[in-house]
Amino acid sequence: MGLMQTQALLARLFTDARLRRAFFESPVATAMDFGLGADEAQTLAGLDRREVADFARSLLGKRALDARKALPATARALGTDFDTLLFDALDGPPGPLRHRGDAASLTALLAARAGEPPWVGDLARYEMAFVDAARPGVFFRMRRFDWPVEEMARRLMAGGQVDAVPRHCVGLWARVPGGRLWWRVFLAPQVG
């Protein structure tokens, strides 16, 4: 078998649900699309669908664990829905910055949809700013939020409940070369 083509196909089978479906509908043709010969493709066609699916699920579980580490307050807020929403947000195999990419995909999904709790998109965007800031080099980020995200994250991480009302705020994150990260969230004055 062409080792590189076989490895590429297996890696995609375990991480790309669409390709997995296509492969099990037409295994020989899909394998040949990856550059494998007819005999090699026929050998891979013998893969057990359930075993491939089980292994793919275990890899998704690892991705979910890593995303929970990147977005811990968001994970607490969503509870058991976190994994389901993450899997909905993932599209294909992980990219080169897998941990960041998976967290960013979930954050984009949460920010784009109206869900429960209503502030979870803002919370994920707040945590994502820290994920982005972890990369080396100069960094500046400013984000506007509709909810008091810093207070909510603190409560969730302390094991408390969030009973928040909308309150606009702006978060700033900055780092100069070789310096430490500086961040601050400024709450808008309360009206009334």
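Note that CZ of F145 and CZ of R167 are 14.5 Å apart. Values are rounded to the nearest 0.5 Å. Within the model, atoms OG1 of T43 and CG of L36 stand 9.5 Å from one another, a figure rounded to the nearest 0.5 Å. The line from CZ of R125 to CG of L71 is 13.0 Å long, rounded to the nearest 0.5 Å. The CZ atom of F186 sits 10.0 Å away from the CD atom of E150 when rounded to the nearest 0.5 Å. Residue L123 holds its CG atom at 13.0 Å from CE of M128, rounded to the nearest 0.5 Å. Atom CZ of R100 and atom OG1 of T107 lie 9.0 Å apart (nearest 0.5 Å).
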Decide yes or no on side chain to side chain contact (heavy atoms under 4.5 Å, CB included) for L172 and W182, but give the supporting numbers first. CA-CA 8 Å; L172 298 174; W182 176 89; 3.9 Å; yes

Side chain to side chain contact (heavy atoms under 4.5 Å, CB included) between V170 and V185, worked out: CA-CA 6 Å; V170 173; V185 175; over 6 Å; no

Could you check R68 against D102 for salt bridge (Lys or Arg N to Asp or Glu O under 4.0 Å), going step by step and ending with a plain yes or no? CA-CA 10 Å; R68 284 177 176 279; D102 289 353; over 6 Å; no

For side chain to side chain contact (heavy atoms under 4.5 Å, CB included), just list the numbers for R175 and R180, CA-CA rounded to whole Å, side-chain angles, deciding distance to a tenth of an Å, and then say yes or no. CA-CA 6 Å; R175 182 181 49 244; R180 296 180 66 191; over 6 Å; no

Side chain to side chain contact (heavy atoms under 4.5 Å, CB included) evaluation trace for F87 with D83: CA-CA 6 Å; F87 300 155; D83 291 359; 4.0 Å; yes

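Contact check for W173 versus F139: side-chain heavy atoms found under the 4.5 Å cut-off. Within the 4.5 Å cutoff, no side-chain heavy atoms of P27 are placed close to those of L44. Counting only heavy atoms from C-beta outward, the side chains of F24 and R20 approach each other to under 4.5 Å. V138 is not listed as a side-chain neighbour of V176, based on a closest heavy-atom distance of 4.5 Å or more. Counting heavy atoms from C-beta on, the side chains of F34 and L13 never come closer than 4.5 Å. For the pair V149 and W119, the minimum side-chain heavy-atom distance is 4.5 Å or more.
Between R155 and D163 there is no salt bridge, since no side-chain nitrogen of the basic residue lies less than 4.0 Å from a carboxylate oxygen of the acidic one. A salt bridge is absent between R49 and D54; no separation between the charged side-chain nitrogens and carboxylate oxygens falls under 4.0 Å. Ionic pairing of D66 and R63 is not present here: no N-O contact between side-chain nitrogen and carboxylate oxygen is shorter than 4.0 angstrom.
Taking every heavy atom of both residues into account, M152 and A164 meet most closely at SD-CB, 3.6 Å. The two residues C169 and P148 make their nearest non-hydrogen contact at SG-CA, 4.2 Å. Residues L109 and L85 share a closest heavy-atom pair of CD2-O, 3.4 Å. F23 approaches A31 most closely through the heavy-atom pair CE1-CB, 4.4 Å. When all heavy atoms are compared, the tightest approach of L156 to R76 is O-NH1, 3.1 Å. The two atoms that bring A124 and L110 nearest to each other are CB-CD1, 3.9 Å, heavy atoms only.
Under the 3.5 Å distance criterion, the side-chain polar atoms of E40 are matched with a main-chain donor or acceptor of G37. Distance alone, capped at 3.5 Å, is enough to place a donor-acceptor pair between the E127 side chain and the A73 backbone.
A centroid separation of less than 6.0 Å is found between the aromatic rings of W183 and F130.
Taking hydrophobic clusters as Ile, Leu, Val, Met, Phe, Trp and Tyr residues chained together by side-chain heavy-atom distances below 4.5 Å, L10 does not share a cluster with M32. Under a hydrophobic clustering in which Ile, Leu, Val, Met, Phe, Trp and Tyr are joined whenever their side-chain heavy atoms come within less than 4.5 Å, directly or via other members, L9 and L47 fall into the same cluster. Taking hydrophobic clusters as Ile, Leu, Val, Met, Phe, Trp and Tyr residues chained together by side-chain heavy-atom distances below 4.5 Å, L181 shares a cluster with Y126.
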